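Both ligands and their constituent atoms are indexed starting at 1 by order of listing. Position 1 is the first residue of the sequence; numbering continues from there. Please read these numbers as outputs of a predicted model, since none were measured by experiment.
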Amino acid sequence: MQEKKIRIEKNSVQETLIVPLYGRKMCAEKFPDLYNDMSAKKLCEKLDYDFSEQEAKKDSFAYEFGALEAAMRQLDIMYEINDYLKTHPKAAVVNLGCGLDQTGKTCDNGSCRIINVDFPDVIKIRTQLIPVGEREKNIACDLKDYSWMKEVAGDNGAVFFAAGVFHYFKREDVKNLVLELSRRYPGGRLIFDTVGKKGLELMLSKSLKNMGISDVGGFFSVNNAARQLNWSDKIRVTSKGYMLGYYDMKNPGIKGAHRFLAKIGDSLLKMAIIRMDFSA
Ligand SMILES: C[S@@+](CC[C@H](N)C(=O)[O-])C[C@H]1O[C@@H](n2cnc3c(N)ncnc32)[C@H](O)[C@@H]1O
């Protein structure tokens with residue numbers, strides 16, 4: 001008997017999880033030397049979602065670049081999580097706005113705890129599709145309602161990451177969340193991706209329009225991390241290029257033009273991975 005597929009509604013914030021998921025599936029298919037995690041492909045097959053638009057464009061240069069963006073972000077964030085786990089092997093690894101991303105599991109060292117947080121309807125879908133491991137927990141909550149933090153103990157360290165999430169937040173919401181995390185989890189780390197104002201306009205114009213939002217002005221963008229994220233003397237902020245800050249992308253199948261655009265993304269559009277270390 002064929003398994004019943006899980007429906008994802010169009011034009012919702014939740015639908016935003018499709019873009020990185022499909023990107024990771026495509027990247028594993030097209031650039032397996034760079035990224036070989038097939039879990040996104042398996043998940044896409046279980047969804048009742050019309051992928052025809054994505055399928056029609058999947059061999060275009062822009063879509064290939066989008067796939068690389070999804071994979072690079074995950075690889076960069078994994079690098080920082082694994083680095084934190086070297087000194088905090090029992091830490092809580094917390095995926096903020098997890099969607100259907102399984103980075104926590106990919107970084108599992110056998111002793112950490114894995115926590116995934118997203119809106120209730122996303123967590124419902126996630127629970128139907130992805131079995132929860134023995135050291136893993138899903139929390140259904142709006143990230144702006146800090147009650148979820150009560151379920152995350154930081155005694156053995158905590159590393160938080162948000163991939164493709166803060167673009168949908170207002171600047172003040174990101175700042176308040178960051179300050180709250182730094183107060184509750186001394187010695188913790190937070191990793192997230194950012195883009196400059198121009199880049200955000202380009203990136204989100206379609207998805208925000210679909211959600212009825214016309215102006216990206218108040219949304220979170222970062223042109224200069226050192227200056228704009230200087231929110232507390234208890235937080236050390238560092239940043240690296242999102243596309244080329246961690247890996248050189250010199251893998252089979254990746255064209256010079258992809259790398260050129262990656263350079264433009266990092267330098268002109270200010271695509272970055274931000275790491276924040278909270279003082280102990
Ligand atoms: C672009 S998707 C990224 C999903 C995942 N991080 C990934 O890389 O595949 C954004 C995710 O953030 C979640 N999200 C956005 N705002 C949120 C909020 N205030 N509280 C909880 N989750 C939120 C959405 O539901 C969605 O799953």
Is it the case that over 12 heavy atoms from other parts of the model lie below 6.0 angstrom from the NZ atom of K10?
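Yes - once you tally the heavy atoms of other residues, nucleotides and ligands closer than 6.0 Å, there are more than 12.
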What class does the angle between the rings of Y84 and H88 fall in, given that below 30° is parallel, 30 to 60° is tilted and above 60° is perpendicular?
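Plane angle under 30°, so parallel.
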Could you label the plane-to-plane angle of the F220 and F192 rings as parallel, tilted or perpendicular, counting under 30° as parallel and over 60° as perpendicular?
tilted
Stepwise side-chain contact (heavy atoms from CB on, under 4.5 Å) check, T16 with V165
CA-CA 9 Å; T16 61; V165 179; over 6 Å; no
Smallest separation among heavy atoms of V195 and L269, with atom names
CG2-O, 3.4 Å
Side chain proximity check, K90 to R113, heavy atoms < 4.5 angstrom:
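Not touching, per the 4.5 Å side-chain cut-off.
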Which N or O atoms of ligand 1 sit under 3.5 Å from a protein N or O, and how far apart is each pair?
unit_1: ligand 1; atom_1: 6 (N); unit_2: G97; atom_2: O; d: 2.8
unit_1: ligand 1; atom_1: 6 (N); unit_2: A163; atom_2: O; d: 2.9
unit_1: ligand 1; atom_1: 8 (O); unit_2: R24; atom_2: NH1; d: 3.4
unit_1: ligand 1; atom_1: 8 (O); unit_2: R73; atom_2: NH2; d: 3.4
unit_1: ligand 1; atom_1: 9 (O); unit_2: R24; atom_2: NH1; d: 3.1
unit_1: ligand 1; atom_1: 9 (O); unit_2: R24; atom_2: NH2; d: 3.1
unit_1: ligand 1; atom_1: 19 (N); unit_2: D142; atom_2: OD1; d: 2.8
unit_1: ligand 1; atom_1: 20 (N); unit_2: L143; atom_2: N; d: 2.9
unit_1: ligand 1; atom_1: 22 (N); unit_2: D118; atom_2: OD1; d: 3.3
unit_1: ligand 1; atom_1: 25 (O); unit_2: D118; atom_2: OD1; d: 2.7
unit_1: ligand 1; atom_1: 27 (O); unit_2: D118; atom_2: OD2; d: 2.7

